[in-house]
Chemist: 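Before anything else, here's the structure in question.
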Amino acid sequence: MPTVDDVLEQVGEFGWFQKQIFLILCLISVAFAPIYVGIVFLGFIPDHRCRSPGVAELSRRCGWSLEEELNYTVPGPGPAGQAFPQQCLRYEVDWNQSALGCVDPLAGLAANRSHLPLGPCQHGWVYDTPGSSIVTEFNLVCEDSWKVDLFQSCVNVGFLLGSLGVGYIADRFGRKVCLLATTLINAVLGVLTAVAPDYISLLLFRLMQGLVSKGNWTAGYTLITEFVGLGYRRTVAILYQAAFSVGLVLLSGLAYAVPHWRRLQLAVSLPVFLLLLGFWYVPESPRWLLSQKRNAQAVKIMDRIAQKNGKLPSADLKMLSLPEDATEKLSPSFTDLFRTARLRKYTFILMYLWFTSSVLYQGLILHVGATGGNLYLDFFYSALVEFPAALIILFTIDRFGRIYLLALSNMVAGAACFIMVFVPHDLHWLSTVVACVGRMGITIVFEMVCLVNAELFPTFIRNLGMMVCSSLCDFGGIIAPFLVFRLMEVWHGLPLTLFALVGLVAGGLTLLLPETKGVALPETIEDAENLQRKAKPKENTIYVQIQTSEHPSST
């Protein structure tokens with residue numbers, strides 16, 4: 001009997017119908033960007049100083065410029081290696097007393113300003129910014145600066161905790177149900193975040209948004225790869241991730257136009273409600289329907305695809321089903337990911353690759369540090385770096401396959417980190433160039449591991465496998481800042497050395513995975529097992545190989 005890939009060859013592997021679905025689902029990837037990296041603008045920390053009652057009035061009376069006001073009323077920097085007191089401490093002086101003059105007003109109180117007592121910022125802070133962020137509204141500076149990190153950690157914790165639950169829902173109740181539910185919840189929580197009355201509420205809404213937003217993105221990724229034929233599967237997977245980079249570019253422009261965090265949060269959340277209208281047009285995955293023994297519905301959807309693509313329905317469409325040996329309804333289970341030796345190997349290696357991707361990607365960004373330039377332009381340029389990575393994949397994946405490119409990219413990222421250890425500090429431009437090469441390599445890994453992950457697991461646990469393995473990416477995102485900043489206290493090259501080791505090991509482990517280039521998506525566990533045995537299968541023999549997969553083969 002024909003498989004889904006066989007029928008798609010006749011009704012259109014990437015026809016007008018699939019292109020419409022693809023464009024609709026790409027909007028999910030665009031909308032995910034503000035959730036994943038929105039902290040750059042929502043939590044930016046502007047220059048700030050303690051608010052001292054009476055200083056503003058004295059400055060107006062004396063006609064000081066901002067530079068003069070800072071010079072006269074704000075403590076100077078502390079000893080080398082310590083925090084800057086001008087941000088977290090103030091002179092304990094009554095600035096309302098009439099004895100203070102306009103020229104060096106503190107000269108009459110002490111011969112040396114260093115002898116004046118300093119105290120904490122009891123009256124809040126003054127922020128030098130025309131906009132606002134959660135930092136300026138909730139005063140998340142000095143002793144409370146760690147709360148900005150906690151805000152971002154909450155969304156990563158949400159990603160981690162939501163991986164299993166949302167992945168199970170998509171495999172148990174369907175891709176479309178999961179897509180609609182998570183999109184609605186995501187939009188509502190985005191709006192609630194924008195109107196959060198206090199910091200605790202902000203954390204709660206951020207955590208809850210993390211629980212569903214990554215699952216929403218992954219459900220869209222899985223759905224689009226299941227709708228297209230074998231020849232277009234990798235292209236739509238890569239372009240779906242490239243849509244995330246489009247979201248990054250749009251976010252930089254939107255944040256520049258809307259510099260106030262609550263308005264910006266609303267601007268990126270309200271359009272998500274409109275996605276629900278488009279998702280009603282998206283049907284359920286026929287592959288998933290077949291895995292649930294709902295063959296009649298799968299046949300109806302495939303017939304609809306044929307009509308939309310202007311093709312005649314396949315003559316043997318009504319015979320569409322899973323391989324004959326899949327006689328029982330397949331329900332996803334966490335234990336299925338570890339049921340056989342090969343599936344266990346796939347799962348553990350993919351977990352490590354996801355972890356490596358996150359640690360190196362975020363670690364490189366953190367280690368290079370802020371350039372001190374324009375926040376919006378810096379973010380815009382860094383977003384542009386990700387587009388060449390997608391082009392490299394598109395132009396090389398058919399020649400070299402998935403596994404060799406994935407392994408090489410890991411090794412390039414690891415080697416770049418190793419080289420950076422030996423680059424002299426005065427050659428900052430060289431360090432930046434090498435870091436960009438490493439960033440390019442790990443970006444390719446990020447996009448490739450999604451594709452390979454989806455191609456190694458059978459249909460009924462594909463989404464669950466994606467969520468479980470990618471949960472290690474979230475764990476890596478949580479610990480990456482600690483690896484960078486804590487290890488740098490020991491030796492500045494220690495985190496880079498660790499990243500190099502992690503990347504090179506990932507490259508070696510990747511070579512233990514089977515090549516999935518030109519191989520049909522596995523429908524059952526036995527199909528996934530047989531991926532290792534197939535040596536360079538050709539597209540026109542895939543059907544025969546699947547039909548004979550129950551027989552032992554020797555290569």
Side-chain angles (χ1 to χ4, degrees), residues 34-52 70 73-92 118-158 193-194 196-207 209-210 255 259-262 264-265 362-376 378-379 382 474 476-490 492 495:
I35 299 173
Y36 194 71
V37 296
I39 183 65
V40 174
F41 301 109
L42 297 179
F44 79 94
I45 304 176
D47 291 333
H48 54 279
R49 60 189 181 277
C50 292
R51 182 185 301 277
S52 299
L70 296 178
T73 64
V74 177
Q82 294 187 9
F84 291 98
Q86 72 265 29
Q87 292 182 328
C88 300
L89 296 175
R90 64 178 181 87
Y91 290 121
E92 292 191 336
L118 299 176
C121 301
Q122 298 178 342
H123 305 282
W125 286 262
V126 176
Y127 299 96
D128 297 327
T129 175
S132 68
S133 69
I134 62 172
V135 172
T136 62
E137 180 165 336
F138 300 110
N139 289 325
L140 306 183
V141 292
C142 298
E143 297 89 349
D144 290 333
S145 60
W146 60 272
K147 292 183 178 180
V148 181
D149 303 329
L150 182 61
F151 175 75
Q152 181 63 10
S153 294
C154 277
V155 74
N156 280 285
V157 171
T193 299
D198 51 52
Y199 176 74
I200 299 300
S201 301
L202 196 67
L203 288 185
L204 179 61
F205 295 143
R206 187 68 168 171
L207 174 65
Q209 191 173 36
H260 299 277
W261 80 270
R262 290 188 183 274
L264 176 62
Q265 180 64 26
Q362 297 192 40
L364 280 172
I365 294 175
L366 292 173
H367 194 276
V368 171
T371 61
N374 185 287
L375 173 65
Y376 306 100
D378 289 344
F379 188 88
S382 65
D474 309 321
I478 293 172
I479 70 171
F482 299 97
L483 290 177
V484 173
F485 298 120
R486 300 288 79 80
L487 294 182
M488 284 186 67
E489 293 179 355
V490 179
H492 78 281

Chemist: Would you say the ring centroid of Y199 lies under 6.0 angstrom from that of F151?
Modeler: no
Chemist: How would you list, by chain and number, every residue that makes a disulfide (SG to SG under 2.5 Å) with C154, sequence neighbours excluded?
Modeler: none
Chemist: Given the ring of F138, does K147 sit roughly above its face, with NZ or CZ under 6.0 Å from the centre of the six-membered ring and within 45° of the axis?
Modeler: no
Chemist: Can you tell me if Q152 uses its side chain to pair, donor with acceptor, with the backbone of Y36 under 3.5 Å?
Modeler: yes
Chemist: Over 60° means perpendicular and under 30° means parallel, so tell me whether H48 and Y127 are parallel, tilted or perpendicular.
Modeler: tilted
Chemist: Side chain of R90, backbone of P120: donor and acceptor closer than 3.5 Å?
Modeler: yes
Chemist: Which atom names give the shortest non-hydrogen contact between V148 and G43, and what distance separates them?
Modeler: CG1-O, 4.0 Å
Chemist: Could I get the full list of side-chain hydrogen bond (donor to acceptor under 3.5 Å, both in side chains) partners for S201, not counting sequence neighbours?
Modeler: D198
Chemist: Taking all atoms of both residues into account, what is the closest heavy-atom pair of L42 and L264, and its distance?
Modeler: CD2-CD2, 4.2 Å
Chemist: Please name the pair of heavy atoms, one in F41 and one in S133, separated by the smallest distance, quoted to 0.1 Å.
Modeler: O-CB, 4.1 Å
Chemist: Name the residue from L70, L89, T73 that meets the side chain to side chain contact (heavy atoms under 4.5 Å, CB included) definition with R49.
Modeler: L70
Chemist: Would you tell me whether C88 and C142 have their SG atoms within less than 2.5 Å of each other?
Modeler: yes
